[in-house]
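Quick caveat: nothing in here was measured; it's all calculated off a predicted structure.
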Amino acid sequence: MFLTRILAAMALGMLAMTAAAQTYPARPVRVIIPFPPGGTLDTLGRSLAQKLAEQTGQPFVVENKPGGNGVIGADQVAKAQADGYTLLFNASTFVTAPMTMKSTPYAVTRDFAPIALVAKAPLSVAINKGLPVTDLKSLQAYAKSNPGKLTFAVGSIGSAGHLATELLKRSAGIDYVVVPYKGTAPAFQDLIGGQIAGFIDPILGSLQYHRSGMLRVVAVTSDKRTPNLPEVPTVAESLPGYEFYSWYGLWAPAKTPADIVQRLNAETNKAIAAELREKFSAQGLSFQPGSADDFAKFQESDMGKAQKIITEGNIRVE
C-alpha cells in the first residue's frame with residue numbers, strides 16, 4: 001500500500017512536470033546578462049530575447065547584473081528556481097574565468113544546464129598603427145628584434161581575448177608583456193594612443209577603428225577569413241592549426257526539466273536560423289544550431305582547451 005502511494009505520487013509529479021513543460025512559458029522569463037549594457041554580448045542577448053518573446057508570446061526580459069567578472073549575475077541564475085523562468089546569457093568567459101579564480105560560489109558543470117550555443121565570434125589581432133607591423137610575420141620579426149618591449153592588452157583576466165593572446169605567444173614563438181585592463185574601452189584607447197602595442201579581442205570591437213585607420217588589424221583568429229574583413233588573413237595562414245573564438249550561449253539552472261530545456265533549445269535554434277543569422281553574420285559571427293547535448297559537448301571540449309592554456313600560462317586573478 002505504501003509503495004503504491006509512492007508510485008502514484010511519482011506519476012502525478014511527472015504528469016505535472018510534463019504539463020508545465022507543455023504550457024511553458026506561461027509568464028515572463030528573466031534573462032540575466034552578467035555584464036553592463038553595450039557590447040556584443042548585450043546586443044546579441046537582447047536580440048535573442050526579443051526573438052524568443054515574439055516566437056513564444058511571452059516577454060523575455062533582459063536584466064544586466066554586472067560585477068565580479070560575471071560571477072554575481074551567474075550566481076543569481078545558479079540559485080534560481082529550476083523552472084525555466086530565469087536564464088543566463090553569457091560569453092565563453094563564463095566557463096573559463098572560474099579556472100583563474102581561487103573560488104566561485106557555483107560550478108559551471110554542476111549548477112547549470114546548457115541550452116544552446118548561440119554564436120561563435122572570431123577575434124582580431126589589432127596593432128598600433130605606428131608600429132612597422134602589417135602581418136603576423138612582421139609582428140614576429142618586430143617582437144624578436146625588440147625583446148621585452150612589446151605589450152599586449154587583455155580586457156579581463158581569463159577572457160577569450162586573454163587566452164587567445166597567450167596561445168599566440170606560444171604558437172608564434174614570441175614574447176610580449178601582457179597588460180590587464182578593466183574592460184575593452186580603455187584598452188582600445190591606449191592601443192590607439194600608442195601606450196599599448198597590440199590587443200586581441202572580438203572583431204566587432206576593433207572593426208570601426210581599423211576601417212577609420214586608427215589602428216591596424218593584421219589577422220583574425222577564425223579558421224577562414226571573415227566576411228567583414230575579407231582582406232585580412234587568418235592567423236592560421238601563417239601559423240597552421242591556430243584557431244580561437246569567443247562564443248555566446250544560453251543556460252538554465254541545473255535540474256531544469258528536460259522538456260523545458262528542449263523547448264528553449266528549439267526556440268533558440270529557430271531564432272538564429274534566419275533573422276539573427278542575417279543580422280549578425282555580416283559582422284563576423286557564425287551560427288551553428290544544435291541540440292542541448294551538442295552544446296554540452298562543445299562546452300566540455302572548450303573548457304579542456306582553455307584549462308591547458310590557463311595552466312601553461314599560469315593565468316590567475318590576483
Side-chain angles (χ1 to χ4, degrees), residues 28-56 59-67 69-70 72-74 76-77 86-97 115-124 126 155-156 159-161 164 181-189 199-212 214-215 217 220-222 226-229 244-251 264 267-289 295:
V29 178
R30 298 169 66 215
V31 181
I32 303 296
I33 296 180
F35 289 94
T40 306
L41 174 66
D42 188 64
T43 301
L44 182 58
R46 289 179 181 277
S47 296
L48 175 62
Q50 181 180 344
K51 287 300 298 178
L52 292 176
E54 292 172 3
Q55 292 169 191
T56 63
F60 277 66
V61 182
V62 171
E63 297 181 16
N64 295 91
K65 299 288 184 180
N69 202 19
I72 291 175
Q76 286 191 18
V77 178
T86 303
L87 307 176
L88 174 71
F89 184 78
N90 209 348
S92 49
T93 303
F94 167 58
V95 304
T96 58
I115 294 172
L117 174 64
V118 176
K120 293 167 65 177
L123 304 122
S124 61
S156 61
S159 65
Y181 278 76
K182 292 183 178 179
T184 60
F188 275 119
Q189 183 178 351
F199 185 33
I200 302 178
D201 208 56
I203 289 175
L204 293 183
S206 61
L207 188 61
Q208 59 178 322
Y209 302 121
H210 172 76
R211 287 177 172 167
S212 65
M214 298 175 73
L215 53 75
V217 173
V220 294
T221 65
S222 47
T226 63
N228 53 350
L229 285 173
F244 208 94
Y245 297 87
S246 176
W247 50 267
Y248 307 93
L250 189 66
W251 291 263
L264 285 165
E267 294 293 346
T268 300
N269 285 334
K270 180 180 177 181
I272 67 178
E275 193 169 323
L276 292 189
R277 182 190 298 272
E278 183 177 342
K279 181 178 180 180
F280 289 98
S281 291
Q283 300 179 48
L285 272 65
S286 62
F287 296 84
Q288 298 172 312
F295 182 31

CA sep, side-chain torsions, deciding dist, call: Ile200, Phe244, side-chain contact (heavy atoms from CB on, under 4.5 Å)
CA-CA 11 Å; Ile200 302 178; Phe244 208 94; over 6 Å; no

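The two atoms that bring Ser159 and Thr93 nearest to each other are CA-OG1, 3.7 Å, heavy atoms only. When all heavy atoms are compared, the tightest approach of Ser281 to Pro227 is O-CG, 3.5 Å. Listed here is the closest heavy atom pair of Ile272 and Arg277: O-CB, 3.2 Å. Minimum heavy-atom separation, Ser206 to Ser124: OG-OG, 2.6 Å. Shortest non-hydrogen contact noted between Val62 and Ala49 is CG2-CB, 3.7 Å. Taking all atoms of both residues into account, the shortest heavy-atom contact from Arg211 to Asn228 is NH2-O, 3.0 Å.
One finds the OG1 atom of Thr40 at 7.0 Å from the CG atom of Leu285 (value rounded to the nearest 0.5 Å). For the atom pair NZ (Lys65) and CD1 (Ile72), the distance works out to 10.5 Å, reported to the nearest 0.5 Å. Rounding to the nearest 0.5 angstrom, the gap separating the CD1 atom in Ile32 from the CG atom in Leu88 is 8.0 Å. Interatomic distance, Leu204 CG to Leu44 CG, rounded to the nearest 0.5 Å: 9.5 Å. To the nearest 0.5 angstrom, Leu48 atom CG is 9.5 Å from Phe280 atom CZ. With values rounded to the nearest 0.5 angstrom, Leu117 atom CG is found 10.0 Å from Phe287 atom CZ.
Residue pairs meeting the salt bridge (Lys or Arg N to Asp or Glu O under 4.0 Å) criterion with at least one partner in residues 36-50, sequence neighbours excluded, are Asp42-Arg46.
Side-chain atoms of Asn64 and Pro36, non-hydrogen and from C-beta on, never get closer than 4.5 Å to each other. Counting heavy atoms from C-beta outward, Trp251 and Val77 have side chains that stay 4.5 Å or more apart. No side-chain heavy atom of Tyr209 sits less than 4.5 Å from a side-chain heavy atom of Val217. The shortest distance between side-chain heavy atoms of Ser47 and Lys279 falls below 4.5 Å.
Phe60 is linked by a ring pair (Phe, Tyr, Trp, His ring centres under 6.0 Å) to nothing, counting only residues two or more places apart in sequence or in another chain. Qualifying salt bridge (charged side-chain N to carboxylate O under 4.0 Å, His left out) partners for Lys51, counting only residues two or more places apart in sequence or in other chains: Glu54, Glu275.
Residue Asn90 is tested with Ile33, Leu41, Val95, Leu250 for a side chain to side chain contact (heavy atoms under 4.5 Å, CB included); the sole match is Leu41.
In this pair, Trp247 and Phe295 present their aromatic rings perpendicular. The plane angle is above 60°, beyond the 30 to 60° band.
No donor-acceptor pair closer than 3.5 Å links the side chain of Ser246 to the backbone N or O of Ala160.
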